[in-house]
Amino acid sequence: MGPAKGQPHPLRSLSAGAVALVIIAAIWLAEIWNTPPSWLRPVHLAVVQPLRWGKEHWLSAAAIGVMTAVVSAAAPFIVRSAEKRSASLGRDDVRARHRSTMIRRVRYKWISGVLNSSLEGAALLVLGLTRRSDVLDLSRAFHRLSSGQPMPLDKGANISDIFDQISGGMLIIGEPGAGKTTLLLQLADQLLDRADNDSGLPIPVVFNLASWSQRRKSIDGWMIDELIESYNFPATIAETWITEDAILPLLDGLDEVAAVHRSALVEAINSFHHDRGLLPLAVCCRTRELKNIAARLTLEDAIELQPPSDRQIDIYLSHVERTGTPLA
């Protein structure tokens, strides 16, 4: 009956022991054999010299042996760690390229394609801004310190500075043609510059709310669809960005949604903002249409573009006359 499965065979053990004894005996004989034949002396020296060195430097030899064993044992872990780090750096490079591509696409579509084209050769009117928290749902604790009364903002205030001060959801309202979209795109332009210089910031992306009524999904689900369809990004990347709050939504055209769906859209925006309270966002809507919506937005604050003053109108008309700009 043979040995149990997994146990070494007795004959193999005996053979290994015999070989070890022969080797030890050969080394011992080589050490004590002081006068070997001349033809064997080269082999004798090759064996004896390492043995004598080992006797004299046994501590160093032991240390070298231990170090060799440690390095041999650690080598696979070091190699695996280096491979993981290399793979991680590779993934970071890919993410950085995706981020850079998204920033360029938003800038090309909305800044070069819309904002710069609309302002080219035009006399830019710096309209007054008024804080209008009274158009929002003030029931949340964050708003209770607000008086709820319209309050003019400093003349010439920078839109990105106002957005930073609000530090949450900002609503932009105004009459038709007041420049709500222009102001939103100016905000996008400034936020894109920041995101380009700081990879830790979310990417500002302009979304047109007019397409929401076609699907009437949650805002995050709708934004994923928009990233795929309007910005031509793969679904996996779009989903990851939305899940990780890597996209800062700039939502234009609440009033462009059919009136029957506006209350549902406001509720969807409120739900999104409640779930992602630390993610800033901006929404644009006409003042009159906003007031006719039954539901109210629960954003942090609202600003309203004021009509131009008589002096601003005079300056604009003088520019039109001086440049020969045709009027419809």
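Just so it is clear, the model here is predicted, and its values are computed rather than measured.
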Subject >> Contact check, side chains of I219 and L265, non-hydrogen atoms, under 4.5 Å >> reply: yes
**OP:** Would you indicate whether the side-chain heavy atoms of I166 and R131 approach each other to under 4.5 Å?
**Re:** yes
Original post:
Are F163 and P280 side-chain neighbours, meaning at least one heavy-atom pair lies under 4.5 Å?
Top reply: yes
Subject >> Distance (rounded to the nearest 0.5 Å) between L254 CG and L297 CG >> reply: 6.5 Å
Original post:
In terms of side-chain geometry, is the basic nitrogen of R215 or E229 positioned less than 4.0 Å from the acidic oxygen of its partner?
Top reply: yes
**OP:** For W110 and L250, run side-chain contact (heavy atoms from CB on, under 4.5 Å): C-alpha distance rounded to whole Å, both residues' side-chain angles, the deciding distance at 0.1 Å, then the answer.
**Re:** CA-CA 11 Å; W110 291 101; L250 302 175; over 6 Å; no
Subject >> Residues that D193 engages under side chain to side chain donor-acceptor pair (under 3.5 Å), provided they are two or more places apart >> reply: R107
Original post:
Would a distance-only check, ignoring hydrogens and angles, find a side-chain to backbone donor-acceptor pair under 3.5 Å from N208 to E256?
Top reply: no
**OP:** Show your working on side-chain contact (heavy atoms from CB on, under 4.5 Å) between T240 and T243 and close with a plain yes or no.
**Re:** CA-CA 5 Å; T240 300; T243 302; 5.8 Å; no
Original post:
Between A295 and S263, which heavy-atom pair has the shortest distance, and what is it?
Top reply: N-OG, 3.7 Å
**OP:** Would you confirm whether S271, through its side chain, and E267, through its main-chain N or O, come within 3.5 Å as a donor-acceptor pair?
**Re:** no
Original post:
Can you name the nearest heavy-atom pair linking A157 to I162, along with the distance?
Top reply: CB-CD1, 3.9 Å
Original post:
Shortest non-hydrogen contact from L299 to G169?
Top reply: CB-O, 3.4 Å
**OP:** Using a 4.5 Å cut-off on heavy atoms from C-beta on, say whether the side chain of F272 contacts that of L279.
**Re:** yes
Original post:
Does the side chain of M102 reach to within under 4.5 Å of the side chain of L227, using non-hydrogen atoms?
Top reply: yes
Original post:
With a 4.5 Å heavy-atom cut-off, do M223 and W241 have their side chains touching?
Top reply: no
Original post:
Which atom pair, heavy atoms only, marks the closest approach of F233 to H98?
Top reply: CZ-O, 3.6 Å
**OP:** Taking all non-hydrogen atoms of both residues into account, name the closest pair between V135 and A302 and its distance.
**Re:** CG2-CB, 3.8 Å
**OP:** Check the pair V106, Y231 against side-chain contact (heavy atoms from CB on, under 4.5 Å), reporting the backbone distance first and the verdict last.
**Re:** CA-CA 8 Å; V106 176; Y231 291 95; 3.8 Å; yes
Original post:
side chain to side chain donor-acceptor pair (under 3.5 Å) with K109: which residues, sequence neighbours excluded?
Top reply: none
Subject >> E304 side chain vs T130 backbone, donor-acceptor pair below 3.5 Å >> reply: no
**OP:** Measure the CG-CG distance between N292 and D255 for me, rounded to the nearest 0.5 Å.
**Re:** 11.5 Å
Original post:
Are the charged groups of D137 and R296 less than 4.0 angstrom apart, N to O?
Top reply: no
**OP:** Report the distance from atom CD1 of I237 to atom CZ of R95, rounding to the nearest 0.5 Å.
**Re:** 11.0 Å
Original post:
Is the number of heavy atoms from other residues, nucleotides or ligands under 6.0 Å of D154 CG greater than 12?
Top reply: no
Subject >> Residue from L281, I303, L290, L251 passing side-chain contact (heavy atoms from CB on, under 4.5 Å) with L171 >> reply: L290
**OP:** Return yes if some donor-acceptor pair links the side-chain N/O of R286 with the main-chain N/O of G253 below 3.5 Å, else return no.
**Re:** no
**OP:** Establish, yes or no, whether a centroid distance under 6.0 Å links the rings of W212 and F207.
**Re:** no
**OP:** Could you verify whether a donor N or O on one side chain and an acceptor N or O on the other, from S100 and R104, lie under 3.5 Å apart?
**Re:** yes
Original post:
Passes side-chain contact (heavy atoms from CB on, under 4.5 Å), L305 versus L183? Steps please.
Top reply: CA-CA 9 Å; L305 282 155; L183 191 63; 4.1 Å; yes
Subject >> Residue pair R132 / M151, side-chain heavy-atom distance below 4.5 Å >> reply: no
**OP:** Would you give the length of the straight line joining atom CG of D189 to atom OG1 of T182, rounded to the nearest 0.5 angstrom?
**Re:** 12.0 Å
**OP:** Can you measure from NE2 (H274) to CG (N270) and round to the nearest 0.5 angstrom?
**Re:** 10.0 Å
Subject >> Side chain proximity check, E289 to R262, heavy atoms < 4.5 angstrom >> reply: yes
Original post:
Taking only residues two or more places apart in sequence, or in another chain, which ones meet S160 in a side-chain contact (heavy atoms from CB on, under 4.5 Å)?
Top reply: N158, L187, Q190, R194
Original post:
How many angstroms lie between atom OG1 of T287 and atom NZ of K291, to the nearest 0.5 angstrom?
Top reply: 6.5 Å
Original post:
What are the two closest heavy atoms between V206 and A188, and how far apart are they?
Top reply: CG2-CB, 4.0 Å
Subject >> Salt bridge flag under 4.0 Å for residues D220 and R276 >> reply: yes
**OP:** Give a yes-or-no answer on whether the side chains of E226 and S230 include a donor-acceptor pair shorter than 3.5 Å.
**Re:** yes
